[in-house]
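Written below as structure tokens is the structure these notes are about.
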Amino acid sequence: MPPALPAIIEDWFASRDWRPRRHQMDMMAAAARGDHALLVAPTGAGKTLAGFLPSLADLIAHPTDRLHTLYVSPLKALAVDVRRNLLTPIEEMGLSISVETRTGDTPSDRKARQRVRPPQILLTTPESLSLLLSYPDAALLFSDLRTMIVDEVHAFATQKRGDLLNLSMARLQAINPALRRVALSATVADVDAYRAWLAPDGDIDRVTPVMGEAGAEPNVAILIPEGRVPWSGHSGKYAAKQVMAEIEARQTTLVFCNTRGLAELIFQELWSANDANLPIAIHHGSLSIEARRKVESAMAAGKLRALVATASLDLGVDWGNVDCVIQMGAPKGSSRLLQRIGRANHRLDQSSEAILIPGNRFEYLEARAALDAVEAGERDADDFRVGSLDVLAQHVMGLACAGPFRAEELLEEVRSATPYSALTAEAFDHVLHFIEGGGYALRAYDRFKRLTQDDDGTWRVSHPRFVQQHRLNAGIIVDQPALAVRFANGRKLGTVEEGFAAQLRPGDSFFFSGMALEVVRMDTSDLTVRATSKQARIPSWGGSRMAMSTRLADRVRHLLAEPDAWHRFPPDVREWLEMQKLRSALPQPGQLLIETFPHEGHHYLVCYSFEGWNAHQSLGMLLTRRMESQRLMPLGFVANDYALAVYGLKPITDPQSLFSADILDHEFIDWVEQSSLLKRAFRDVAVISGLIERQHPGKRKTGRQVTFSTDLIYDVLRKYQPDHLLLKAAWADARARMTDVGRLGDLIDRAATTMLHVTLERVSPLAVPVLILIGREHVAQTAAEDALLMEAEALVAEAMRAD
């Protein structure tokens, strides 16, 4: 039997005509036993309240003026939102429990006061917690901490922010061994993997899994456009008028896009179709904090009919008046789709309504596969990995700022963090000596000598200036070099990346924050703009595009291989697949279909691997290099999430030789080392590890200055210390994050044993969506667009001819 709730909490539930849910009482029972706990419950199930209930009950029974509960979320906005929602029941119960937030936006005077007179409940982010641990009084501040709650744990446990948070949890556990850890999530596939991540020393048995009550089944539909599902594109913009009709029929709609550029594009398309002049807005991570907060407030107040957003709103923001979610383009994963569906209604006992707008025919299959996965309760797998050494270096430096330490004691503590449980003494020693002097290639420079070892073996910070440097520069999220977008009066709208800004000249115009803006002038840090009515372009942002999850890719392969299920598809999608089956082949699950055919004087190889745009881009680079060595005279390649097409002047008769396993040992290594991939990865790890500072007191370096500094050091280390810790870390990042090399390896393995090579006389139906992309990247003129459209129509006609 779980312990009874305090009468004041029972009365509060009764006053609202509520009852505590089973999983909320299970969390109370876990707390009574002193167990760590992982709660997995649908959005709207009262997860946050379930996490806090034991803390509220304990504070009612045992009042204290010390810090009692620490709540960590991946987003500043989520911490602010939780504070607002937590304060409501506390005030309605008349409890004297203080709740405050601490993020990068918190005023410095409040931060200083919080360390001396903390609230009973503090809401923060992984980075702000790490900084708190860098102060000498950290041990005193956290000495009575009873509970730590990690919200939306799926959003960062497998990433570098998760590494940092797990190391911070290890330090907190060392300060107070009785600390109880709690994690909350709506979308977890492997519960045991998260229990191991959460547990001290990875001891899974110490973490109680609590599964929430199932909510009402979501009502999800795929919007079939007026006419036919497009052959290409991935934005869904063709459906703008229909989307506006859905918005007009509802009170409040969230329109999700997968990238910031698509959000700007879709907002413009919806605004053009907004004949009723409904209030709609845009929200993404490159807009200024002020702009985002203004939109969030308007949304919370019910003043908007629709909000176009990216992943900046994927997590936990509680707007109960949202009655529909529309996903523009493919969802890329069932867990991601569920997370977004959960933003509608935010109530467990009411069905969330969602509409998917596929961008093309392959995306229709992906959307159908995602719906099937949601109905089957299938979640995307999470890829847990070994903790990053650049993050460890930042953490060790932060702890050194708090006070001297002994290496053997700190190593034991670090190993209690699950991502670092297999860390060797040798690797830890490399991290210490990296912080001590930067590595032997950089030892001559005093600015890298951040740690000193005393005669008794104790390590300490070499000079107080390094403490200030650490606190100014700590953090895991490394922004790409960017320029602030401002009006002439100084008002900041947000940021665009340097790469995009470099393409602009005064007089050019682009869409940003939902407005058409004309460039007035540009300097090293600012892009000054004014509003315009001129035709504008959509900005582009770098970074990897999301790949379809491996489980969703498997479901799409099964859909292709099961003609009996095609009756569920629109007629044009069904006709497309039937013609492919007649003229070529459809890959069986686990099989790699390769088609080769001539087209307009060139010879094509199309590979249907479904491994995502990032992996296909990498493979395209490697295959064209190998084609050169085989004298096949390659001309280029083009890829989408589903297929890769390479083309050249000579026919490819032996594709097996192009896909041999050594391509990842030879061409891949050469390509990465000669490309900018490794330099970009090195820039990130150099900043995270603290080798390069982004900020000096009163002045922040421009992105260009940071890149110049890291490029110089990169060249020195490549020449004089190629086994340097940061070069190894950069390689790991470049392989795993920037090229999806794991999926690339799976693809190569599949090619060795399951390749089905079909030689055709002309283009196949399945090849049309990827071939249409050729020539589209640099199209700017309407006449050229019309020419490409005519070319695409001719391509479709050729592919869909039965003879």
Side-chain angles (χ1 to χ4, degrees), residues 159-160 163-164 167 385-400 407 410-411 414 419-420 422-453 459 461-463 466 469-470 473-476 478 481 664-666 668-694 701 703 705-739 741:
Q159 302 170 8
K160 288 191 177 185
D163 294 345
L164 184 69
L167 289 166
R385 46 167 192 70
V386 174
S388 299
L389 295 183
D390 51 335
V391 176
L392 178 58
Q394 182 181 132
H395 177 72
V396 170
M397 185 63 194
L399 297 189
L410 183 54
L411 175 57
V414 166
Y420 297 91
L423 182 71
T424 65
E426 181 184 20
F428 187 64
D429 194 52
H430 285 166
V431 171
L432 288 179
H433 286 96
F434 158 69
I435 309 172
E436 179 189 28
Y440 68 77
L442 303 175
R443 277 197 171 279
Y445 302 93
D446 287 344
R447 67 190 181 100
F448 300 126
K449 296 178 179 177
R450 294 177 287 160
L451 282 188
T452 298
Q453 188 173 25
W459 291 86
V461 177
S462 303
H463 191 278
F466 292 119
Q469 178 182 311
H470 172 81
N473 291 281
I476 299 302
V478 181
L664 290 182
D665 296 324
H666 299 155
F668 179 78
I669 291 174
D670 290 343
W671 166 56
V672 172
E673 288 186 340
Q674 291 173 29
S675 74
S676 60
L677 273 176
L678 207 53
K679 277 192 174 182
R680 290 209 304 269
F682 182 82
R683 174 184 177 272
D684 287 359
V685 299
V687 168
I688 290 172
S689 67
L691 187 72
I692 292 293
E693 62 271 19
R694 290 170 278 195
K701 281 186 179 180
Q705 288 170 325
V706 171
T707 300
F708 181 70
S709 300
T710 55
D711 283 357
L712 283 175
I713 294 173
Y714 172 82
D715 291 337
V716 168
L717 295 181
R718 281 284 308 278
K719 185 174 182 180
Y720 296 107
Q721 195 180 352
D723 62 345
H724 191 278
L725 177 142
L726 290 193
L727 286 178
K728 291 180 178 179
W731 252 109
D733 272 17
R735 290 174 69 89
R737 177 165 57 91
M738 296 184 179
T739 62
V741 74

Do [X] and [Y] come close enough that some side-chain heavy atom pair is under 4.5 Å?
X: I435; Y: F466; result: no
X: Q469; Y: R450; result: yes
X: K679; Y: D715; result: yes
X: M397; Y: V461; result: yes

Approximate separation, where rounding is to 0.5 Å, of [X] [atom1] and [Y] [atom2]:
X: E436; Y: F434; atom1: CD; atom2: CZ; value: 12.0 Å
X: D163; Y: L392; atom1: CG; atom2: CG; value: 9.0 Å
X: L717; Y: L725; atom1: CG; atom2: CG; value: 10.5 Å
X: L432; Y: Q453; atom1: CG; atom2: CD; value: 8.0 Å
X: S462; Y: F448; atom1: OG; atom2: CZ; value: 13.5 Å
X: L164; Y: Q159; atom1: CG; atom2: CD; value: 12.5 Å

Any donor-acceptor pair under 3.5 Å linking the side chain of [X] with the backbone of [Y]?
X: D390; Y: I688; answer: no
X: S388; Y: K160; answer: no
X: Q394; Y: G475; answer: yes
X: H463; Y: K449; answer: no

Nearest heavy-atom pair of [X] and [Y]: which atoms, and what distance?
X: V414; Y: Y420; answer: O-CB, 3.6 Å
X: L727; Y: R718; answer: CD1-N, 3.9 Å
X: A681; Y: A730; answer: CB-O, 3.4 Å
X: A686; Y: L726; answer: CA-CD1, 3.9 Å
X: W459; Y: A407; answer: NE1-CB, 3.9 Å

Check ion pair D733-R683 (N to O, under 4.0 angstrom):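 Salt bridge absent between D733 and R683.
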Any chance you could lay out the side-chain contact (heavy atoms from CB on, under 4.5 Å) test for L423 and L389, step after step, and finish with the verdict? CA-CA 10 Å; L423 182 71; L389 295 183; 4.0 Å; yes
